[in-house]
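Written out below as structure tokens is the structure these notes cover.
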Amino acid sequence: MDKIVIEGGRPLKGAVQISGAKNAALPTIAACLLTGGPHHLRGIPRLRDIRTIRSIMEKLGVRFEDRGDVLEVNTTHLTDDEAPYELVKTMRASILLLGPLLARLGRARISLPGGCAIGARPVNLHLKALAAMGADIHMEHGYINAHARKLRGADIFFDIRTVTGTENIMMAAVTAEGTTILRNTANEPEIKDLAEMLGAMGADIEGAGTDTVVIHGVDHLEPCEHTIIPDRIEAGTFMIAAAITRGNILVEGCRPEHLTALTEKLRQAGAVITKEKATIRVQGPDAIESVDIKTMPFPGFATDLQAQFMALMTVANGWSMFRETVFENRFIHVSELRRLGADIEINGNQALVKGRERLLSAPVMATDLRASASLILAGLVAEGGATEVHRIYHLDRGYEAFEEKFRGLGANIRREKGPPV
Ligand code: UD1
């Protein structure tokens, strides 16, 4: 297993280019299943989660070809309808294959995603919505077996705003008979991005990116070309890196309007932020002020940036309170941050961080994707030698060329190769 070794203490300076969004790439790749032919997607990042969805879809008969910045996804011939346990267990977002497979083939067999490090993360709302659209769903040997000769439009209320749930049902509904109304939908920018791609395929969707999405079923879809949106979580991670190292970074190729909640919190923490159309400059403060955080669905503060912002608050002046309202168990980075000297108390879904003057280097272990990023940010300011972050394979699921990008900003960071996972 690889590890990342960081010698902290350097303020980061320079420009960093943001990659395409992992969470936009996964649903758009899955959406190619909806109709046969060569689809062309631009901006797909090179990540382990992308390799995973490719492996599953290759097993279904899909052919992929990398052509520079364009990924060709050829879905002409589907030869299978099963997403196996061995792959689904490494990536819960595999559930995104359920909606499009069911719509195209009238059947799908997807391994039921288990719990994960950040909580139980059920898929009951995906299944309930598909059942309302006429799918016959039953569980067998750990697999979701779904059948529907023809899905039909339905009026669906999501009890909880779910991002992949909204995406999955949107995909299932584009060729359903009649109109589907999805209520209390998630508003994340990745949903609007998917709707744009589906629109380019010929789908008729209104309201994506709001609380209610209306989908009028169409008979025919065409293969399409689409460029995915930049990764707001990657951009946010670099913005926090500028603040924690008291550096000055230009984050390029991002969408500032997707980062409003974080921008506001960083300003309150003392950073100076300048936004332009597709760039954000962050100048870190001399003294970091403490700020409270409550994670919320978009446009609120993203749960996927909570761990990274907590790293920042461990070296702020004073106390900050974190309330995690999206996932029930998303503080597993806390025990590792404590190993670097952070003072954090957890009480249920709240964490109270008492800022300290400094963190001290130590070996730590990454526990999930965003926790890995949080530990690296903390390592960038930890004093007294090298911080080693172990189990770094989590990081490779969702950050493209992370250490290279940090090295480009002047960080002393390197990967040490270990045996494969
Ligand atoms: C997506 C993102 C993930 C992000 C999360 C919240 C992708 C591939 N992943 O995950 O990075 O952290 O949104 O912004 O886009 N829930 C249920 N039943 C369901 C579905 C969800 O109870 O059927 C609950 C979840 O347990 C969680 C909440 O709803 O408490 C929100 O989860 P959801 O938006 O579904 O997260 P994901 O789509 O899995």
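Because the structure is a prediction, the values reported are computed rather than measured. As the structure lists them, so they are numbered: ligands from 1, and atoms in each ligand from 1. One is the number of the first residue; the rest follow in order along the sequence. Atoms considered below: every heavy atom in the structure, side chains included; atoms not considered: hydrogens, waters and symmetry mates.
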I'd like to know if [X] and [Y] make a salt bridge, using a cut-off of under 4.0 Å between side-chain N and carboxylate O.
{"X": "Arg152", "Y": "Glu177", "value": "no"}
{"X": "Arg415", "Y": "Asp396", "value": "yes"}
{"X": "Asp304", "Y": "Arg330", "value": "yes"}

If you measure every N/O of [X] against every N/O of ligand 1, is any gap under 3.5 Å?
{"X": "Leu125", "value": "yes"}
{"X": "Thr303", "value": "no"}
{"X": "Asp304", "value": "yes"}
{"X": "Glu328", "value": "no"}
{"X": "Ile160", "value": "no"}

Under a 4.0 angstrom heavy-atom cut-off, which atoms of ligand 1 come close to [X]?
{"X": "Pro122", "value": "17 (C), 18 (N), 19 (C), 20 (C), 21 (C), 22 (O), 23 (O), 26 (O)"}
{"X": "Val123", "value": "19 (C), 23 (O)"}
{"X": "Thr164", "value": "7 (C), 8 (C), 15 (O), 37 (P), 38 (O), 39 (O)"}

| Between Phe301 and Phe309, ring centroids under 6.0 Å | yes
| request: Please tell me if the side chains of Met201 and His226 come closer than 4.5 Å, counting only heavy atoms from C-beta onward. | output: no
| said: Quick one about Arg323 and Asn349 (side-chain donor to acceptor, distance below 3.5 Å, no hydrogens or angles considered), yes or no? | reply: no
Quick one: does [X] get a heavy atom under 4.0 Å from ligand 1?
{"X": "His126", "answer": "yes"}
{"X": "Arg161", "answer": "yes"}
{"X": "Gly165", "answer": "no"}

| message | Could you work out, for atom 28 (C) of ligand 1, the closest of Thr295, Val326, Thr162 by heavy-atom distance? | response | Val326
| task | Heavy-atom distances under 4.0 Å are what count here, so tell me which part of Arg330 touches ligand 1: side chain, backbone, both or neither. | result | side chain
| query | Tyr399 and side chain to side chain donor-acceptor pair (under 3.5 Å): which partner among Arg370, Arg48, Lys22? | reply | Arg370
| field | Qualifying residue, where the test is side chain to side chain donor-acceptor pair (under 3.5 Å) with Arg232 and the options are His258, Glu188, Glu190 | value | Glu190
| task | Could you tell me whether Arg414 sits above the aromatic face of Phe406, with NZ or CZ closer than 6.0 angstrom to the six-membered ring centre and within 45 degrees of the axis? | result | no
